[in-house]
J.: 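Sending over a structure as structure tokens; questions will come in a sec.
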Number of protein chains: 2
Amino acid sequence: MEKRQKVILKEAISNYIQSAEPVGSKLLVEKLNFSVSSATVRNELKLLETLGFLKQVYTSSGRIPTDEGYRWYVDFLEGSNGLASVAPVNAQLEMIAVQKVKNTLNHVAKVMSSLMDYTAIVLTPDIYKMALKVVHMVLLDLNKVLVVLLNKLGDNQEFVFNLRQRMSQDDLNKVSQIITAKMEGLPFFESSDFVLRHLVKEFPNYASVFEVLSKEVERLSSFHKTSESINVHGVSKMIQLPEFKNVEMTKNVLTELEENRFLTELISSHIFGDDDGVVIGKEFNNEKLEDCSLVISPVKSGGVQAGAIGVLGPKRMKYSYVIPLVKQISDQVQHYISDQDGI
Amino acid sequence: MEKRQKVILKEAISNYIQSAEPVGSKLLVEKLNFSVSSATVRNELKLLETLGFLKQVYTSSGRIPTDEGYRWYVDFLEGSNGLASVAPVNAQLEMIAVQKVKNTLNHVAKVMSSLMDYTAIVLTPDIYKMALKVVHMVLLDLNKVLVVLLNKLGDNQEFVFNLRQRMSQDDLNKVSQIITAKMEGLPFFESSDFVLRHLVKEFPNYASVFEVLSKEVERLSSFHKTSESINVHGVSKMIQLPEFKNVEMTKNVLTELEENRFLTELISSHIFGDDDGVVIGKEFNNEKLEDCSLVISPVKSGGVQAGAIGVLGPKRMKYSYVIPLVKQISDQVQHYISDQDGI
DNA sequence: TTTAGCACTCTGCTATCAACAGTGCTAATC
DNA sequence: GATTAGCACTGTTGATAGCAGAGTGCTAAA
């Protein structure tokens, strides 16, 4: 592609992103201060159409970008330094200090959604894959035990279960030590089934606790697997955008946001891949989201996956703003999380 | 109002609820197997319109209910035994056993939304008003402390804070005992500021912990006050209903569901009132919700407020199904919660 | 009190038309 | 060979009109 074509394509796409109106040759000549006529631009546009970057809404309408067009645009922005640098958003993020990672990320999503008209998404840590650091068990009530799992990330997670027989806090301390010794470094929910069964035999006097705990963890796992680990903010602003006049599309997108299994898996898988973290239209491989785009950035802390933040909007998204914003915020959050854990 | 008028009004409203189409005199005669002509029904309809229960969409269209009409209808259903009895929904609710109340209620909302096309809302317990039973503090890390608040309801809530100086678990146990002794029965977040300041003087050797804790609680309070205590399921199904063709209305409702302060307060206040738990259209005193209705039922456990479940839908809601359903489910949940706490 | 009959009103759909934005093509020009 | 002016052509959009249909309100009779 020649330089002029690139300039025209870029201008056409960024114009459409702004106006949501198909752009024509005349407008482009004006915007670009070109010394060529609209007819020349028309020829170029036609070429860009055969290349698959632009399309017409109807015969002899102006052009709008195809998915491939957006993809080229995003790659172009990322290649050249077309991405605006975004000022840190300290002010609103400051209150996030000491918090559980999950709460922190949810708050971040709220702040982020206030900075644009799209939907902010956070994926909170996958507790199943987290390496255990230490287990604490606290006797809350006569027979109610709070289990606190502290992972290597410095983040904690709790759940409660009922004992069948009375135990003292001292006993629970011993049990906690036993479990910690066996499971340190392992992902708790994935390994506990095997380990606990083993412990039942090894420590017959605590067999009852291990059995109950084992069953409880199993039950919790199946419950957690079906429950949300995704959090969403700013839907109401997004659906005011012109593309959401289409009720069918709106319905589809909201459905995917509510029954979030697809998005959860997509984001999870993208976190570990090494792509640019932008998914455009058909790249979702999901009809319900084919009019949308998603910008994702993982949040790590001390080399461990702490979660991810992302932005879902129409394909006609202000990539030049959103991409650096998401990166900026994920960087900041990473610092906050690392700081508070002293890693 | 005479009997025939009541029959006509009831039939008109329930018909509109089913069809979403204005109902006319001819249709009513058919449906009711009346031995009178459509002209007679027309006269009655006119009367019902002057009484304020029905209105026309335009001159000489069929009738649709006014807010007052819906109100009459709901009161009528509740007065007569027009409310269908709903079979218990044990199957899906069984997995909720030992869980924190918050998780339980969220799960219930999901199940409930699967039973209809409206939005299920749950309000989780207001931690600010809960009477404290006991405080546990657990040393998680070198300087990280997990605070566990157990309330009279048997429900627990945790938060984490960082110590300024090293302390042993033994010290923390003492501190926990001191706080528990002072604050038992009080609402923790509302009282802790005052109590903790006092403890700083009373126990100089623990002054530092009490100070840090005090600041932390203050920070957490302001954070929690702005955070959600509401949870929502089934929006995507609801917006497929014909009333949500109107984009403006959809936008309004989604906004209120996202920035849920209004709904949160409304539901909270209704929990303690002694009305029937149905809010219709203008009764919201909120323009954004004036095309909606809300059915709420509180969830109590051992005399204490544990939260609330509700259903938000269009005014044209299947009250005869939703009202008993919500009550049925809230009863069931109440039993589950009470059972698990052994109260 | 009820009803048949009729004029009247407003919607919702379809067709038609003009304005217009923008294209594609051709032939002329640099 | 690249560029451009000119023009015919295409499809959208918005306004307007016409028409069938559903449903009412009113009147006069039963």
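Order of the sequence lines fixes the chain letters, A, B, ..., with proteins taken first and strands second; residue numbering starts at 1 for each chain. Keep in mind that this is a model prediction, so the values were computed, not measured.
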J.: Check the orientation of A/Tyr319 and A/Tyr73. Use parallel for under 30°, tilted for 30 to 60°, and perpendicular for over 60°.
T.: perpendicular
J.: Can you tell me the distance, in whole Å, between the CD atom of B/Glu30 and the C1' atom of D/dA22?
T.: 13 Å
J.: Just to confirm, is there a sub-4.0 Å distance from OP1 or OP2 of D/dG23 to any side-chain nitrogen or oxygen of B/Arg63?
T.: no
J.: Quick one: label B/Lys46 by what it contacts on the DNA or RNA (base, sugar-phosphate, nothing), any heavy atom closer than 4.0 Å.
T.: sugar-phosphate
J.: Tell me: CZ of B/Arg42 to C1' of D/dA22, nearest whole Å?
T.: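 Going from CZ in B/Arg42 over to C1' in D/dA22 covers 11 Å.
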J.: Between atom CG in B/Asn15 and atom P in D/dG23, what is the gap in whole Å?
T.: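 So the CG-P distance, B/Asn15 to D/dG23, works out to 12 Å.
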J.: Any sub-3.5 Å donor-acceptor pair from A/Glu258's side-chain atoms to B/His233's backbone N or O?
T.: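 Side chain of A/Glu258 to backbone of B/His233, a donor-acceptor pair under 3.5 Å: no, none is there.
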J.: Atom CD of A/Glu44 to atom P of D/dA2: distance rounded to whole Å?
T.: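 Between P of D/dA2 and CD of A/Glu44: 10 Å.
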J.: If you apply the rule side-chain contact (heavy atoms from CB on, under 4.5 Å), what do you find for B/Val36 with B/Arg4, and how did you get there?
T.: CA-CA 11 Å; B/Val36 295; B/Arg4 190 173 64 190; 3.7 Å; yes
J.: Near A/Lys26 NZ, under 6.0 Å, is it more than 12 heavy atoms from other residues, nucleotides or ligands?
T.: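 Check fails, neighbour count at 12 or below.
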J.: In whole Å, what is the span from the CG atom of B/Leu48 to the P atom of D/dT24?
T.: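 Between P of D/dT24 and CG of B/Leu48: 12 Å.
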J.: Between A/Thr40 and D/dT3, is there a side-chain N or O to OP1/OP2 distance below 4.0 Å?
T.: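 False: A/Thr40 side-chain N/O out of range (4.0 Å or more) of D/dT3 OP1/OP2.
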J.: Describe the nucleic acid contact of B/Ser25 in one word from base, sugar-phosphate, nothing, applying a heavy-atom distance below 4.0 Å.
T.: sugar-phosphate
J.: Just how far, in rounded Å, is P of D/dG21 from CG of B/Leu27?
T.: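 The distance from CG of B/Leu27 to P of D/dG21 comes to 18 Å, rounded to the nearest Å.
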J.: Taking side chain as C-beta onward, heavy atoms only, is A/Phe34 less than 4.5 Å from A/Ile8?
T.: yes
J.: Is a salt bridge present between B/Asp67 and B/Arg71, judged by a nitrogen-to-oxygen distance below 4.0 Å?
T.: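 Looking at B/Arg71 together with B/Asp67, the answer is no, because their closest N to O distance does not fall below 4.0 Å.
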J.: Step by step, would you call A/Ile64 with A/Lys55 a side-chain contact (heavy atoms from CB on, under 4.5 Å)?
T.: CA-CA 6 Å; A/Ile64 67 172; A/Lys55 67 183 172 191; 3.8 Å; yes
J.: Anything under 4.0 Å to a heavy atom of chain A counts; send over the first and last such nucleotide of DNA chain C, read 5' to 3'.
T.: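 Nucleotide range with atoms under 4.0 Å of chain A: C/dG22 to C/dC25.
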J.: Should B/Glu248 and B/Lys251 count as an ion pair when the cut-off is N to O under 4.0 Å?
T.: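 Yes, B/Glu248 and B/Lys251 are salt-bridged.
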J.: How many whole angstroms separate atom CG of A/Leu45 from atom P of D/dT3?
T.: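 Going from CG in A/Leu45 over to P in D/dT3 covers 14 Å.
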J.: Return the value, rounded to whole Å, for the distance between atom OH of B/Tyr16 and atom P of D/dA22.
T.: 19 Å
J.: More 5' along DNA chain D: B/Glu49 or A/Ser37, using each one's nearest nucleotide?
T.: A/Ser37
J.: Atom pairs, N/O to N/O, protein against nucleotides 11-16 of chain D, distance under 3.5 Å?
T.:
| from | atom 1 | to | atom 2 | distance (Å) |
| --- | --- | --- | --- | --- |
| D/dG11 | OP1 | A/Thr59 | OG1 | 3.0 |

J.: Both A/Pro22 and B/Ala39 contact DNA chain C. Which one's nearest nucleotide lies toward the 5' end?
T.: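 It is B/Ala39, whose closest nucleotide lies nearer the 5' terminus.
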J.: Just checking A/Lys10: does its NZ atom have more than 12 heavy atoms from other residues, nucleotides or ligands closer to it than 6.0 angstrom?
T.: no
